[in-house]
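The structure appears below as structure tokens.
Quick note: numbers below take in every heavy atom, side chains included, and nothing from hydrogens, waters or symmetry partners.
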Amino acid sequence: MTAAATLPGDLRVKEHCLKVPLDHNKPDGTELSLFVRELMTASKANEDLPWLLYLQGGPGFPSGRPTCPPSGWIKPALAKYRVLLLDQRGTGRSSPVTTKLLQALPGGPEAQAELLSHFRADSIVRDAEIVRHQLAGGQKITLLGQSFGGFCILTYLSLFPEAISRSLCTFGLAPIGRTAEEVYAATFRRMEERNRRFYRRYPQDVEVVRSIVAALHSAPVALPRGGTLTARRFLQLGLLLGSASGFETLHGLLELACAPNGDVLASSLPDIFLLEVENAQQQFETNPIYWLLHEAIYVDGATSAAGDTLKDSRLGAPSCWAAERMQALLGATWDYTTRLAVSSPPVQLTGEMVFSWMGDDYAWLRPLKPVANLLASKADWGPLYNVAALGRGQSPVAALVSYEDVYVERSFSEETASLLGERAQLWITNEFQHSGLRDEPAVVFERLLAMSKGELAIPS
């Protein structure tokens with residue numbers, strides 16, 4: 001099914017609903033709906049432009065929606081490409097996975113886990129191949145991937161390298177060859193520095209955070225939509241610090257917990273503050289794939305995609321709530337209970353980590369706690385990457401890497417780039433946080449595209 005419209009700003013939009021198999025190894029089995037929005041410059045609709053497929057970050061989030069007139073990175077992209085915005089399976093309009101859908105599935109947690117095992121990057125990439133053949137006529141495509149979308153690009157280059165003309169990655173060179181434990185050990189270290197900078201900019205928030213944490217530690221608060229604001233959940237607001245505007249966003253939120261004179265209303269947190277906390281964290285509940293499969297994106301199967309090369313068996317081991325285990329191993333620095341006294345160091349806010357206890361504190365995740373534990377203990381995930389294929393590939397890869405990214409560890413990204421060989425060009429900078437594509441979209445897109453074409457020498 002296809003619907004089309006011409007919109008303000010010389011924008012032509014086509015909406016496609018395709019059918020793909022839930023399990024690509026069983027093409028005649030259960031089907032999913034896959035939604036793709038095709039964008040083109042209306043005045044160039046008859047031109048034979050190349051295709052660009054965008055892969056959204058996540059996991060578990062749909063592609064962004066276009067504006068009229070076009071804006072962001074889409075605006076410069078439309079000068080050169082037809083753009084495909086894919087709602088990855090389980091998101092947006094592509095057979096969305098919700099708590100209600102999973103609860104209604106016959107067979108309980110085991111059936112839910114079986115369904116969700118088909119929502120990782122390997123399945124997303126095979127969906128994208130169907131999109132490429134059905135919408136782009138099998139032509140080679142350019143890929144743009146943000147964060148987890150970059151992880152998907154590396155899976156694409158592992159499975160279908162001949163399909164790709166060039167790849168542009170923003171903050172998404174996956175830590176190939178690293179375990180989930182190693183990933184979280186690195187990102188906890190990055191978060192220590194990010195916390196330090198936040199408190200240096202807003203020193204008054206040291207005691208604001210401490211007061212709120214101490215109050216919630218003694219008496220967790222019921223949230224308006226049914227969840228529980230515990231100290232540990234409150235500290236997940238540190239996820240905001242990974243973006244360029246995150247310091248100000250968090251500081252503004254914390255102001256809502258204070259009286260006009262600056263005193264913290266810790267014993268009776270205002271409703272507006274509680275609502276804003278829920279708002280900042282609601283995507284954990286509206287997009288449950290993120291919680292359910294976040295650690296699984298770091299679990300690479302024990303054999304290569306070609307089935308011929310054994311990998312380090314640690315890479316395919318169950319994640320077993322790796323972030324939670326690493327936090328416990330890091331000692332007092334990450335144990336907020338050791339920092340409740342006024343004279344103690346600042347309380348540390350956590351970053352892009354998921355935890356088993358979220359199935360207690362988040363109302364919409366409570367019914368999913370059994371399946372979350374099954375997925376965390378799953379020991380037979382398939383492979384995501386083929387290192388040999390990545391090394392043999394010829395299509396250029398240009399990647400933007402944040403020097404101090406708190407979500408995707410820079411040193412691991414550099415290791416992955418070395419697997420790609422001379423075709424990979426890295427733009428490593430401390431100018432951007434993980435949100436660079438959103439913050440300076442035209443600059444980032446144009447520069448990466450020029451790098452991939454050999455028109456810009458970065459590194460010099």
Side-chain angles (χ1 to χ4, degrees), residues 20-26 29-34 58-62 87-92 94-124 126-127 148 179-181 184 223 225-228 230 232-233 236 281-302 315-328 352-384:
V20 297
L22 169 66
D23 183 349
H24 283 277
N25 292 319
K26 299 177 181 178
T30 302
E31 288 186 325
L32 301 175
S33 294
L34 194 72
F61 295 100
D87 279 359
Q88 297 167 16
R89 55 170 54 200
T91 75
S94 293
S95 294
V97 170
T98 64
T99 297
K100 285 187 177 180
L101 178 140
L102 292 171
Q103 284 183 286
L105 192 67
E110 290 75 15
Q112 296 165 3
E114 168 58 25
L115 175 75
L116 289 162
S117 70
H118 301 293
F119 285 78
R120 292 203 309 161
D122 50 341
S123 296
I124 293 168
R126 290 181 170 92
D127 290 345
F148 172 70
T179 65
E181 290 83 355
Y184 291 118
L223 288 166
R225 293 201 293 262
T228 304
T230 58
R232 60 196 182 186
R233 176 171 173 172
Q236 284 190 290
Q281 298 180 330
Q282 69 178 355
Q283 288 185 320
F284 287 126
E285 297 178 291
T286 58
N287 302 73
I289 284 177
Y290 184 89
W291 179 54
L292 294 166
L293 293 178
H294 191 273
E295 291 199 349
I297 70 175
Y298 299 116
V299 182
D300 195 6
L315 303 178
S319 63
C320 295
W321 301 110
E324 198 166 326
R325 291 185 289 109
M326 289 309 303
Q327 183 178 19
E352 193 184 41
M353 297 94 180
V354 294
F355 305 92
S356 66
W357 50 256
M358 292 170 68
D360 299 314
D361 294 0
Y362 289 80
W364 291 12
L365 298 184
R366 286 169 185 154
L368 304 182
K369 188 171 183 178
V371 66
N373 285 324
L374 285 177
L375 292 167
S377 62
K378 183 175 170 62
D380 58 350
W381 289 110
L384 293 174

Study note, to complete from the structure: d(I124 CD1, S94 OG) to nearest 0.5 Å is 10.0 Å
Point to revise | Sidechain-backbone polar pair: E295 side chain, A376 backbone, donor-acceptor under 3.5 Å | key: no
Check your understanding: Considering residues at least two apart in sequence or located in another chain, which fulfil the ring-ring contact (aromatic ring centres under 6.0 Å, His included) criterion with Y362?
Key -> F284
Review point. Is the number of heavy atoms from other residues, nucleotides or ligands within 6.0 Å of CH2 (W364) greater than 12?
Key: no
Revision key, fill the gap. ring-ring contact (aromatic ring centres under 6.0 Å, His included) filter on F61, not counting sequence neighbours, yields Y290
Practice item. Using modelled atom types only, decide if a donor and an acceptor are shared between the side chain of N287 and the backbone of G60 within a distance under 3.5 Å. Key: yes
Review point. So, the side chain of E324 versus the backbone of S356: is there a donor-acceptor pair under 3.5 Å, distance only?
Key: yes
Check your understanding: Any donor-acceptor pair under 3.5 Å linking the side chain of R325 with the backbone of C320?
Key -> yes
**Study point:** Heavy-atom pair with the smallest gap, counting every atom of W381 and A296
**Key:** CZ2-CB, 3.7 Å
Exercise for review: List in chain and number order the residues that pass side chain to side chain donor-acceptor pair (under 3.5 Å) with R126, two or more places apart in sequence or in another chain; answer none if no residue qualifies.
Suggested key: none
Point to revise | W291 side chain to F355 backbone, donor-acceptor under 3.5 Å | key: yes
Check your understanding: Between R233 and D361, is the closest basic N to carboxylate O distance under 4.0 Å?
Key -> no
